[in-house]
Every structure is written in structure tokens, then in C-alpha cells.
Amino acid sequence: MILNDTIVALATPSGAGAVAIVRVSGPNAIEFVADVFQSIKNKDLRKQKTHTLHLGFIKDDAKIIDQVLVSLFKGTNSYTGEPTVEISCHGSTFIQQQIIQLLLRKGCRMASAGEFTMRSFLNGKMDLSQAEAVADLIASDNEAAHQLAMQQMRGGFSNEIAKLREELLNFASLIELELDFSEEDVEFADRSAFRDLVNRIQFVLKRLLDSFAVGNVIKNGIPVAIVGEPNVGKSTLLNALLNEERAIVSDIAGTTRDTIEDELIIEGIGFRFIDTAGIRETEDIVESIGIQKTFEKIEQAQVVLYLFESLKFKTQNLEYITEIEKVKNKYPLKPLVVIINKVDLLTDEELQRIQSQLEALEVKLETTSAKHKTGIEELKNTLLSFVNTGALRNNETIVTNTRHYDSLIKALEEIQKVQYGLDMNISADLMAIDIRQALYYFGEITGQVTNDELLGNIFSNFCIGK
Ligand SMILES: Nc1nc2c(ncn2[C@@H]2O[C@H](COP(=O)(O)OP(=O)(O)OP(=O)(O)O)[C@@H](O)[C@H]2O)c(=O)[nH]1
Ligand SMILES: [Mg+2]
């Protein structure tokens, strides 16, 4: 990791805007900018206090490039933990490029993706999971995802891990001390207190691992597949949910051939609805490819909305009940909502009869008229009931990051080995190895244990300028 040079990048999105910010960070940030900056009050930037603003011109020798406002962050008082200057210029792409080119000629280097945040981490301004939360924060596009990223950035989850790691480290040193005195057969590490800690760690790790299901869902949205026979109103339902004419609707069976996806945020939770080709036997090659895709989408979905057409239920025979059961048995583990659509075509008596007949089935049942937009709000509430948002509301720590999840699993495996060792009364030297391993995985999360490859992976996912 090279930290001793000065980097520059555009911090605002590329393209034209009202203003743009060029960010410079590194040991020579202030000198390099001072060289090209002419204050309107003839101030020398090098002599100004930290956290001050200065109006002036960026000049390339005699040529004025732009009138700008410069913010100064001196010493370690900045996002990156090193001297930083932010130049707010007019947002033309030409001006942005001219300023960046000028600073590159002065000796800056173009920042790589995420390098500002990586420096922040390397300079101890934040731990690794907080740095990762910065990327999540920038990417968050709904209330819940935003709240999670914010919580992680404030250190919610790494504090907990860091504390447990500390306690475990204490025991590790005591047990290693025993090794030095192995001749004397002493126990420095109180085994019952240690047992206690190991239990507590397992409890916390399991809770964090469980929370990943929620975290993942919040971050990526919940995929919901809308499936059923042709013409039952799947595309009409998608449109009703989105409140927009997203998919083509017609009374011709087999209208939808490719899957159509769109996202809707319900009470802060993102749902990704997938309208699919109606399932039926068909000779049509294109349609059958679409149907094949429908089955794939069902596999990937976290919730399946299975639509039936109300007309099917008009007759008194109970054939449709077997059909619903078939669907239920086909995907026993998928949260399933059976929807009777086109209820506007039923009389009230018919609807009541059907509802009471279906009660025994123990499936989540909704009745809708996609065409007239009735039952849609109830359906949204049912969808929300699948998401355990309790943890979110209670401000519990939630894991959203796959890397953290992997490290937590490995840490849990190692801790279980330690537990086993305790139960089996194994020797201190063997136990010490397992504890060290567990400590390693804890450290991976907060960044106490890192390597260049890991850091490269994490920060390359950032945008340049962050
Ligand atoms: N009366 C009534 N008609 C509906 C309702 N929902 C959909 N329809 C009609 O049913 C026909 C089929 O609707 P689509 O939404 O295209 O059905 P689909 O399930 O997407 O059909 P495929 O894409 O062919 O599988 C259209 O003529 C819709 O206007 C409803 O709630 N009530
Ligand atoms: Mg359709």
C-alpha cells in the first residue's frame, strides 16, 4: 500500500452539473493546490487554518481556469486522515478535466477506486466494516438499506465483534501462559468463565448469522415471482402493484413470453416483482423457452404469488383444491401466496363459498381484481409479513455483507471446536490453536487482520473519488 503520494479525483458524479468537487488528498495536497490557486484576498493557502473556506481562482500559469471555493483540511483532520483539499468548481466537464489535469502535472496521481476510503481505513479513521458501509450507504436506494448502512458505518456491528475478540484474546494469552508453565500443571485461565465466554460468543455469532437473511433481503430486495396459467392476469397484477403500465396485457393466452422485472418499495423494503410466462403445454418454441424461465424464476424467488382465475372456481366441483395442493407440494419450502384473481367476475355468495372452502388448505390466500385494483393493499401487507422487519425496527445489529457472513461462519466453526475441546478436556496447546483461528476470523471482519488482496477486492468495488 502506497500512502506517501498525493491523489486526486472527481468526488461528484461524472458529467455536467451546477458544481463539481475535485478532491485532493495526501502529504502534498495543500502545496499542490496552493501552487495553482490565487486567493481573491491574496492569502497563501499553506498558512490558513484547517476547516476554512477560500474563494479564488484556479490558474494554469497566466490562464484562469475557473473561479472556485477551496475547503482545507489540515493534518489528520479529514475523511482520509491526511491533508485534504476539496475544490468546488463550476460543474462543466471541461473545467473538471482541466483542474484534474493541472494537478496531475503538479505531481498528483489519479486516485484508484475507493482509494480515499481505503486511506481512511489505513489511517485508522474507520475500521474495515465501517469503510464497507460507506459503499453500501452510497448504493442504498431505500429507507431500510439506508438505515442499515448508517448503523454499520457508525460501527454498530464491529463494536460488538471487537469486544468479543478482546475478551477472547485475554483468554488466549492466559492459556498460552499455561503452556509456558506446563511442567507445573497450573491453570491461569478459569475454565468455567471461559466456558461462559465461549457460550456467549456462539450466541452472538448465531444471532448475527441469522440476521444475514434479513440483511441480504433489505440490501438486495426480495424477489417475488408472479406465476400461474396463461391469461389469469399476472401482467395486470404486476401493473397494478407498480401502478404503471409496465407489462403488455391482452386476452390472448401466452402474451408474456420473457420475464419482466421491476422494483417496488413497500414501507421501506424493496420488492422485486417478476412477471413470468404463463405455464401450460405448448408447441411454440419461444413460449416454451419462456416457461422454462418461469421455473427458474420460481427457484430464485423468495416469495411466489400463484395466480388462479376466479372463473375456474365458479363450478361447485373441488378440482381446483387439488390444483392448489399440487402447487403447494411442488415448492414446500417457498413462501407461497395463492391469489384468486378476477374476483369482480364472482358474486358475493360465490366468493364467500370459495373462501370458506379454501380455509382448510392452510395457505396464504388473497383475492384480487387486478383489473380494478382491489385487494392490492392487502396483498402488499401479506408480502410485508414475510419479512422479519422486527430486528430492523428494534435497531438490532444486522449483517448485510457476504464477506462478513463468511468470516462469521468460519469464526463460529472455530469456536465450536474450542467448545468441543473444552468438553473433551483437551490440552491447552491444542485449544490455543483453535482460539487463534477464531481470533483470526474475527479480525478479518474489523480489519485487524488484512492483506493487500482482501483490501484490493473490497475497495475496487467503490467508485473513483470515494
Ligand atoms: N375481469 C377481470 N379481468 C382481468 C383481471 N385481471 C386481468 N384481466 C384480464 O385478463 C386478460 C389477461 O390478462 P394478462 O394480465 O395479460 O394475463 P397474464 O396472466 O399475464 O397472461 P399471459 O401473459 O398470457 O400468461 C386481460 O384481458 C386482462 O384485462 C381482473 O381482475 N378482472
Ligand atoms: Mg402476462
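These values consider heavy atoms only, across backbone and side chains, with no hydrogens, waters or symmetry-generated copies. Ligands are counted one by one from 1 in listed order, and the atoms in each one are counted from 1 as well. If you're wondering where the values come from, they're calculated on a predicted model, not measured in any experiment.
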Fill in: Any Val337 side-chain heavy atom under 4.5 Å of Val363 side chain
no
Worksheet item: Is it true that Lys342 and Glu309 make a salt bridge, defined as a side-chain N closer than 4.0 Å to a carboxylate O?
Response: yes
Worksheet item: Which atoms of the protein, restricted to N, O or S, are nearer than 2.8 Å to the Mg ion (ligand 2)?
Response: Ser235 OG, Thr256 OG1
Worksheet item: Are Phe308 and Tyr306 close enough that their ring centres sit under 6.0 Å apart?
Response: yes
Response to the item:
Per the under 4.0 Å non-hydrogen criterion, ligand 1 touches Pro230, Asn231, Val232, Gly233, Lys234, Ser235, Thr236, Val249, Ser250, Asp251, Ile252, Ala253, Gly254, Thr255, Thr256, Gly278, Asn341, Lys342, Asp344, Leu345, Ser369, Ala370, Lys371
Fill in: Carboxylate-amine/guanidinium proximity below 4.0 Å for Glu413 and Lys410
no
Worksheet item: Between Asp275 and Lys297, is there a salt bridge with N-O shorter than 4.0 Å?
Response: no
Worksheet item: Got a salt bridge between Lys380 and Glu366, using NZ or NE/NH1/NH2 to carboxylate O under 4.0 Å?
Response: no
Discussion item. Which residues pass the ring pair (Phe, Tyr, Trp, His ring centres under 6.0 Å) test with His372, not counting sequence neighbours?
Written reply: none
Fill in: Value rounded to 0.5 Å, distance of CD in Gln97 from OG in Ser92
9.5 Å
Practice prompt. Not counting sequence neighbours, which residues clear salt bridge (charged side-chain N to carboxylate O under 4.0 Å, His left out) with Glu267? List them please.
Written response: none
